[in-house]
Structure formats: C-alpha cells, structure tokens
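Note: hydrogens, waters and symmetry copies are ignored here, and every other heavy atom, side chains too, is used. Fair warning: this is a prediction, and the values are worked out from it, not measured in the lab. Per chain, numbering begins at 1; letters A, B, ... match sequence-line order.
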Number of protein chains: 2
Amino acid sequence: MPKITRAAKAPGPARLAGANPISTPRRAKGTPAPSNPVGARARRSAERRDAILAAALDEFSARGFAATRLDDVARRADVAKGTIYLHFADKETLFQELIRVEIGPVVQVLEIASHTDMPLRQVTDRLIEVFVREVFETRRKDVIRLILTEGPRFPALAEFYYREVISRVMTTIRAMLRRAHERGELRTDALVRFPQLLPAPGIVAIIWSGLFDRFEPVDVRAMMRAHFDMLLAPGSAP
Amino acid sequence: MPKITRAAKAPGPARLAGANPISTPRRAKGTPAPSNPVGARARRSAERRDAILAAALDEFSARGFAATRLDDVARRADVAKGTIYLHFADKETLFQELIRVEIGPVVQVLEIASHTDMPLRQVTDRLIEVFVREVFETRRKDVIRLILTEGPRFPALAEFYYREVISRVMTTIRAMLRRAHERGELRTDALVRFPQLLPAPGIVAIIWSGLFDRFEPVDVRAMMRAHFDMLLAPGSAP
DNA sequence: AAATAATGACTGACCAGTCAGTCAAATACG
DNA sequence: CGTATTTGACTGACTGGTCAGTCATTATTT
C-alpha cells in the first residue's frame with residue numbers, strides 16, 4: 001500500500017567503483033576516443049548514466065525523494081525520461097544506486113586511515129580533515145543528509161547503509177578507540193562503549209547546516225576540534 | 001513550481017501555549033466560553049481538531065510530509081476530509097501547526113530547568129531525565145525527527161523552529177555553561193563556544209533510533225551520561 | 001427556523017512508468 | 001573500400017492512477 005516503503009529488489013552484485021579509494025568515478029564528457037577502451041556507444045551510454053545520477057542528486061537533495069519528479073531529473077540530465085528507465089528499474093532503484101555510488105568509496109578511506117597506531121589525537125586530526133574536505137565541503141554532505149532524512153521511510157536504504165557503512169565504520173572506530181584506551185590515551189572507556197559519540201559533532205553539523213546555516217553558520221572544523229579536545233585526556237599532565 | 005518548497009505564509013503571531021509548562025495545551029482555538037463550562041459544540045470542535053493533529057502526527061512521522069495523504073489523516077482521525085479544511089488552511093499549515101503545538105511548551109521547561117546555579121553536573125542529570133522522559137520516550141521524539149527530516153525542504157518551518165526553539169535554547173544553554181565555566185566546572189571554554197555539543201548525543205540518538213534501532217539499539221540515557229562525564233571536568237578529585 | 005458544523009463525491013493537476021517509433025553506430029556483405 | 005542490414009540506445013507522447021483542495025448537500029445545534 002505505501003508507495004515508498006516497499007523493500008526493493010536484492011541489491012545485486014553492487015557494481016561500485018572497484019579501484020580507487022576516494023574520488024567518485026566521474027567520467028564526464030570524455031572525448032570519444034574512436035579506437036576503444038570501450039565502444040563509443042557504450043561510453044556514451046555510461047556518460048548518460050552518470051549525468052542522470054548527478055542530476056538525481058541535485059533534485060533529490062533539493063526536494064527529497066517523494067517530491068522529486070523524474071521529469072525534472074531527465075531535463076536536468078538533458079535526457080528523455082524514458083532513458084532513465086533504461087539505466088534504472090524505477091525511482092527507488094535510482095535513489096539507492098545514487099547513495100551506493102557516492103558513499104561506497106569513502107568507507108575504505110576511513111578504514112585505512114584509522115587502522116594505525118598513531119596517537120589518537122593525530123588520527124582524529126586527520127579524520128577531521130578528511131571529513132571536512134571529502135564530505136562536508138562536497139556533495140557527499142548532501143548524500144549523507146539524504147540518508148538521514150529519507151532513511152526513516154526507507155527501510156531498505158537504512159539497512160543497506162547500516163550494513164555497508166555504519167557497521168563497518170563503527171567496528172573500525174571501536175577497535176581504534178580500544179587500542180587508544182589501552183595505551184592510556186583515554187580517561188574512561190566511555191568512548192569505547194559509545195563510539196557514536198566520536199562522529200556526533202559531524203552529524204550535528206550536517207543537520208545544522210541544512211536547517212540553520214542561513215541564521216547562524218557553524219565552523220565544523222573548529223567544532224570538531226573542540227569536541228575531540230574534550231574527549232581526549234589531557235595527555236598526561238605537563 | 002515546486003509543491004513543497006514554497007515559502008508558506010507568514011507564521012503569524014505564533015499563538016502558542018501560555019500557561020502550563022510541559023503538557024500539550026488542548027483548546028487551541030480561542031474558546032470564548034461565555035456562560036456554560038464550554039459550549040458543547042465548541043468542545044466537540046476542539047476535540048476534532050485535536051484528533052486531526054494526533055492523526056497527522058502519526059501519518060506525517062510514518063510517511064513524511066510529501067507522501068502523507070490527507071485522506072489517511074482524515075480516516076485515522078475519524079473525520080471527513082473536508083473537516084480538516086475547517087480547521088487548517090491546507091496541508092502545510094496543518095504540518096506547521098502540529099510542530100508548533102507539540103514543541104512550544106517544552107522550551108519553557110528547559111529555560112526554567114537551566115536557569116539555576118546548581119552544579120552543572122546536577123543540571124545535566126536533570127536535563128537527561130527530562131529529555132528521556134518528555135521527549136525520547138514520547139511522540140515528541142517523532143516531532144523532532146520530523147523537523148530534522150523535513151526542515152531542509154521547509155524553509156518556513158526551519159525559520160520558525162530556529163526562532164522559537166533553537167535560538168532560545170542555545171542562549172539558555174550558553175548562559176548556563178558560561179556560569180559553570182566561571183565557577184571552574186569546565187576545563188575549557190569549548191562548550192561555551194559550541195553549545196551544540198551539549199545536546200549532540202540527544203540529536204544523534206533520535207536519528208539513530210529512526211534508522212538503526214532494529215539492528216543495534218542505543219541506550220540514550222547511558223550514552224548521554226557517558227558524554228557528559230567526558231565533557232565535564234573531573235570535578236576536583238574526591 | 002436560522003446558523004453552524006460536517007460530509008464525501010467530485011475536479012483538475014500532477015506524475016511514475018510504458019511503448020511504438022526513430023536513428024546513429026555496429027556489423028555483414030559485395 | 002563502400003553499401004546494406006541489424007542492433008539497441010534513445011525519445012516523448014500517452015495512460016492510469018493518485019491526491020490536494022472544493023462545494024453542494026446533509027446533520028446538528030441553538
């Protein structure tokens with residue numbers, strides 16, 4: 001009965017990016033190399049697919065899932081509406097694929113960045129930079145906002161996101177924190193028990209920016225630094 | 001052109017609650033109540049209005065603004081669709097009024113609770129209890145989730161919420177924290193500069209519960225306690 | 001009886017998804 | 001090589017269904 005809530009078909013082989021870690025594989029208008037890595041036809045087709053995804057991100061993040069018109073997505077991607085259905089089964093699949101393509105690559109970066117035994121403070125400094133530069137200042141911020149805002153009405157999306165992102169991220173962070181705790185860099189095991197508290201200011205900043213930035217902007221970087229300063233022990237008194 | 005994104009008429013004089021602190025005020029419409037206790041007719045009308053608001057909360061928080069059908073709201077409220085339009089100008093007004101009625105009264109509680117010179121730890125303990133009992137374990141949690149999820153596409157809502165809630169809450173919290181800092185209960189002024197960090201775990205918990213509770217529930221109370229423990233200085237060793 | 005409240009069938013706009021038809025690229029053939 | 005044939009990506013008008021908002025009619029007060 002509900003239009004949005006249905007479970008959507010199996011995620012399939014998840015044709016993500018395979019190789020590079022962070023950058024989204026945007027092969028925007030590559031000049032048609034006539035000899036071929038791939039036939040000119042397939043290339044053009046892939047370009048279109050990307051254009052549709054890009055347009056979809058714009059529309060979905062401006063209007064939300066339910067209120068987005070595929071006619072608008074098509075117009076923005078400079079494509080006929082029917083073309084969308086050659087690449088994606090339906091509106092919902094398009095939405096899910098969008099999330100998958102944008103978010104997938106980021107997790108690996110985090111996993112690599114935090115799988116180290118540098119002092120916690122150094123790791124967090126690096127994480128702040130990665131977060132600000134690769135998420136907060138890019139369209140990925142909008143993707144995350146989309147997950148937060150559409151997720152509650154999108155069980156399939158929430159589940160995918162939990163499986164592919166949250167559980168991995170949480171595991172990684174928890175392990176990192178446990179090691180830091182054993183090294184005496186944390187006053188309590190509170191962070192180990194509630195790893196959500198580490199990224200909390202990032203989440204809050206994303207929400208805040210979507211709602212209240214025009215009234216009172218936040219300095220994410222400074223806020224995250226301040227937060228981490230409080231969470232980490234004074235590092236054995238001077 | 002967009003259906004949802006339009007700016008909505010001026011919020012008006014914000015006829016909120018006046019008197020009691022926490023419980024939602026029934027009888028929003030200015031009931032003259034001249035002679036008898038309350039005209040049976042007016043009372044019935046007010047009941048309907050409330051029923052509509054209650055039903056609207058259910059539907060909106062289950063489906064989101066755009067995907068909610070007023071036919072469903074009407075059915076759930078046991079009322080004909082036309083009746084909704086006797087009480088609210090349109091779908092958007094209904095939505096805004098819902099937020100207004102549910103959230104208005106809570107702010108006062110916070111303002112009162114934190115306008116004290118108890119030790120910060122005691123205040124926060126009390127705030128945790130209030131938050132958990134009056135927000136997290138009630139439908140107000142859903143209202144807040146609605147603001148977070150629909151706000152980005154609802155400039156008028158975000159503005160109302162900023163003016164009536166956020167700015168007041170932030171001012172109150174900031175003042176409280178400044179006093180605590182002057183009393184030496186805080187290690188740094190970080191919290192004074194970023195008061196958002198105090199309620200951060202509450203926000204995160206609300207989002208988390210809407211997305212991932214079925215995979216991995218959070219203990220809000222414990223998480224907030226853990227968080228506050230880290231933020232507050234070790235309170236002059238015992 | 002007049003006034004007020006409530007109803008629910010109806011309208012018109014809107015939009016996801018379809019499909020018969022078009023055409024450029026790929027392939028087969030002379 | 002040039003020409004004929006096939007393929008399949010792409011198009012956009014169209015359909016069927018949905019739903020916000022209206023209003024003539026009916027019910028309930030006073």
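Under 4.0 Å is where a charged nitrogen must lie from a carboxylate oxygen, and between A:R168 and A:E111 at least one such pair does.
No more than 12 heavy atoms of other residues, nucleotides or ligands shown are found within 6.0 angstrom of CZ on B:R126.
The shortest side-chain heavy-atom distance between B:S209 and B:F136 falls under the 4.5 Å cut-off. The shortest distance between side-chain heavy atoms of B:R153 and A:T149 falls below 4.5 Å. Using a 4.5 Å heavy-atom cutoff, the side chains of A:F194 and B:H227 are not in contact.
In this structure, B:R49 atom CZ and C:dA5 atom P are separated by 14 Å, rounded to whole Å. We find that CG of B:D90 is positioned 18 Å from P of D:dC19, with the value rounded to whole Å. Going from atom CG of A:L94 over to atom P of C:dG17 covers 10 Å, rounded to whole Å. If you take CG of A:L70 and P of C:dT18, they are 11 Å apart, rounded to a whole angstrom. Atom-to-atom, CD of A:E92 to C1' of C:dC15 comes out at 17 Å; the value is rounded to the nearest Å. If you take CZ of B:R43 and P of D:dT29, they are 14 Å apart, rounded to a whole angstrom. D:dG8 atom P lies 15 Å from atom NE2 of A:H87, rounded to whole Å. Following rounding to the nearest Å, A:I84 (CD1) and C:dT18 (P) show an atom-to-atom distance of 13 Å.
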Please write out the pairs of protein N or O atoms and N or O atoms of nucleotides 22-25 of chain C separated by less than 3.5 Å, giving the distance to one decimal.
unit_1	atom_1	unit_2	atom_2	d
C:dA25	N3	A:R41	NH1	3.4

Protein-nucleotides 7-11 of chain C N/O pairs closer than 3.5 Å?
unit_1	atom_1	unit_2	atom_2	d
C:dT7	OP2	B:A80	N	2.9
C:dT7	OP2	B:T83	OG1	2.4

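Taken to the nearest 0.5 Å, the CZ atom of B:F60 stands 11.0 Å off from the CG atom of B:D72.
Listed for the B:R140 side chain is a donor-acceptor partner under 3.5 Å among the backbone atoms of B:E134.
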Pair up each side-chain donor or acceptor in residues 197-205 of chain B with any protein partner under 3.5 Å, not counting sequence neighbours, and list the distances.
none

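Checked against a 6.0 Å centroid threshold, the rings of B:F95 and B:F88 do not count as neighbours.
When the nucleotides C:dT18, C:dA6, D:dA20 are ranked by their closest atom to the side chain of B:Y85, D:dA20 comes out on top.
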